[in-house]
Amino acid sequence: MKKVTRLASAIGLVLSVSACASTQPQKNAHEFYGTKEAFAKEAVYFLMTDRFVDGDPSNNFPEQGGKNPTFNRVLKGPDGKVANVGYMGGDLRGVVNNADFIRDMGFTAIWLTPIVDNPDEAYAGGEPIEFGGAFKDGGKTGYHGYWANNFYKADEHLVSEDLSFKQYTDILRDQYGIKTVFDIVANHGSPSFDMVEDQPKFGELYDIDGNLVADHMNLPPSELDPNNPLHAFFRNTPDIMQLSNLDDTNPDLKDYLINSYLYWIEQGADAFRIDTIKHVPHAFWREMADRIREQYPEFYMFGESFDYNPYFIAQHTLPKNGRISVLDFPMQSAMIEVFENEDSSFAKLEEVLYLTHGPYHNPYDLTIFYDNHDMARINATDDNFINANNWLFTARGIPVVYMGSEMGYMRGTKEHAGNRNYYGQDNIERAKSHPIHKQLTEIANVRKTTPALQRGLQLNLQFEGDTAAFYRILQADGIAQTALVLLNKGDEAASFSVDKHMQSGQWQEQLTGVSKNIGPGEPLNATVNANDVQVWVREGAVQGEALQEALHALMKYR
């Protein structure tokens, strides 16, 4: 048993600065909110489309690719471990077939890896990829979707004769209440040179009508001809490995890309996740964002700037750079430290919230996560998966969970060592009875029905050792709600006594339904079980001069 947990259990955690309480709702109440971003109410389930579920075997194309086949390309590792760099059958039909599974967990949006057309062979150039390897593309296919050769066309492995992408988005939205996050790329297409012989679609780009508009011709970037119109979309310097380096300063390329993004919005995309955003200058993203918001003013976008410096990634969120939110990599790093390490402290997470004096345009608009397809999955126990999810769905930001985390699938593995392994229907059925899935479903659905957890200001009370306590307060747009979050990641029950800024009235705990009537000047006392969370909610306008002053101070940073 950990020392801090014994202390919490024995004497409780007393948060003792009292607030001046009022029993009457305030007239002409001030607005308090973390964000008014509409997408902030969503919770995102991220899946690799080809690696989720094979719902339509007819689009697997197991014979595709000839001498460079695309289907089921196994990488063998030690002790019988395997990974795969070929297509494995996952498709949009598999997602639709399991939309109720995703919805019932509490998710309201699905982020798909790119569904655009990729080459029909395995790449025969570059360095060969091996089990556990990285930054090598030889022998890989475009199963992941990031090797586009036509930014306007869906890949044949993912759609079905009776299920286009437009039909998919309509079904998800109309029948399941689920939005679609569409993954876009701007810095690169497919591998484009270093092939033994030029392979079809590699280094090529086609327009919406199927016309060839760019071709690298298997030439290294330095040998591209500035006078050849088919080379105009590319830079003559390399980007990542042998991927084509798209020239974002070319007006025709900008139109090609931005018009493709607009096309997919017309097909039902509700938001964009932007791949490798830091590889393209801010000017491009500002122009792209302006053009999209001319037609879709509230369209939400978040980028992958794979960097742990908040002051670097925050640049993308500034209005002058397009006001594009980002994946919160600094918080991801802190979550790994806190939830992989039994002796860690919640204080590490408080450091990366940046609720005041921070670099972000609005930290409440960030997408927060603990792992994804490009890094090692979190190597946590079942209990610490539960603790990570309890934090993810109560703290500021928009939660994103990678497929399989509901059962700790392939925990601790990195890309090409299991991180992207096929999930499949059998695992989904196993997940439904898993303890991580049970707790995730409970806390995600609490967030889904609690506006304060979606958009409310976060007012921290205590972050120490295995315990944390904070308010989420929303008073805007006809909603007045306070949520008190109590977290315990310890292996023993922890006692809380909260009187700082405590408001009198009826409080209800959202996971158990237990209610407490708190009188003026009284604390809220609660015992939170090991590896558990409580969310106490009070409806009504904010009471107390000290609390209002604290909230006004936070609002200065909104």
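The basis for the numbers below is simple: all heavy atoms, side chains too, and nothing from hydrogens, waters or symmetry mates.
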Electrostatic pair [X]-[Y], nearest N-O below 4.0 angstrom:
X      : Y      : value
Glu31  : Lys36  : yes
Asp50  : Arg420 : no
Lys348 : Glu351 : yes
Asp170 : Arg173 : yes
Asp382 : Lys438 : no

To the nearest 0.5 angstrom, please state how far the [atom1] atom of [X] sits from the [atom2] atom of [Y].
X      : Y      : atom1 : atom2 : result
Asp466 : Ser344 : CG    : OG    : 7.5 Å
Met403 : Asn421 : CE    : CG    : 8.5 Å
Glu340 : Thr381 : CD    : OG1   : 10.0 Å

How far apart are the closest heavy atoms of [X] and [Y], and which atoms are they?
X      : Y      : value
Phe496 : Ala468 : CE2-O, 3.9 Å
Gly322 : Arg286 : N-CD, 3.7 Å
Ser497 : Asn525 : OG-OD1, 2.6 Å
Tyr402 : Glu406 : O-OE1, 4.3 Å
Val514 : Trp536 : O-CZ3, 3.6 Å
His437 : Lys432 : ND1-O, 3.6 Å

- Task: Run the numbers on Gln543 and Ser504 for side chain to side chain donor-acceptor pair (under 3.5 Å), then give the verdict.
- Result: CA-CA 8 Å; Gln543 296 178 351; Ser504 62; 3.1 Å; yes

Modelled atom types, side-chain donor and acceptor of [X] and [Y], under 3.5 Å:
X      : Y      : result
Asn488 : Asp532 : no
Thr276 : Asn187 : yes
Tyr471 : His501 : no
Arg538 : Gln503 : yes

- Task: Check the pair Phe46 / Phe369 against ring pair (Phe, Tyr, Trp, His ring centres under 6.0 Å), numbers first and verdict last.
- Result: CA-CA 10 Å; Phe46 167 46; Phe369 67 110; 9.4 Å; no

- Message: With a 3.5 Å distance limit and no angle check, can you tell me whether Gln510 reaches the backbone of Gln508 through a side-chain donor-acceptor pair?
- Response: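 At least one qualifying donor-acceptor pair exists.
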
- Query: Is it true that a side-chain atom of Arg51 and a backbone atom of Met48 form a donor plus acceptor pair closer than 3.5 Å?
  - Reply: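 No, the answer is negative, given that no donor and acceptor are paired below the 3.5 Å cut-off.
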
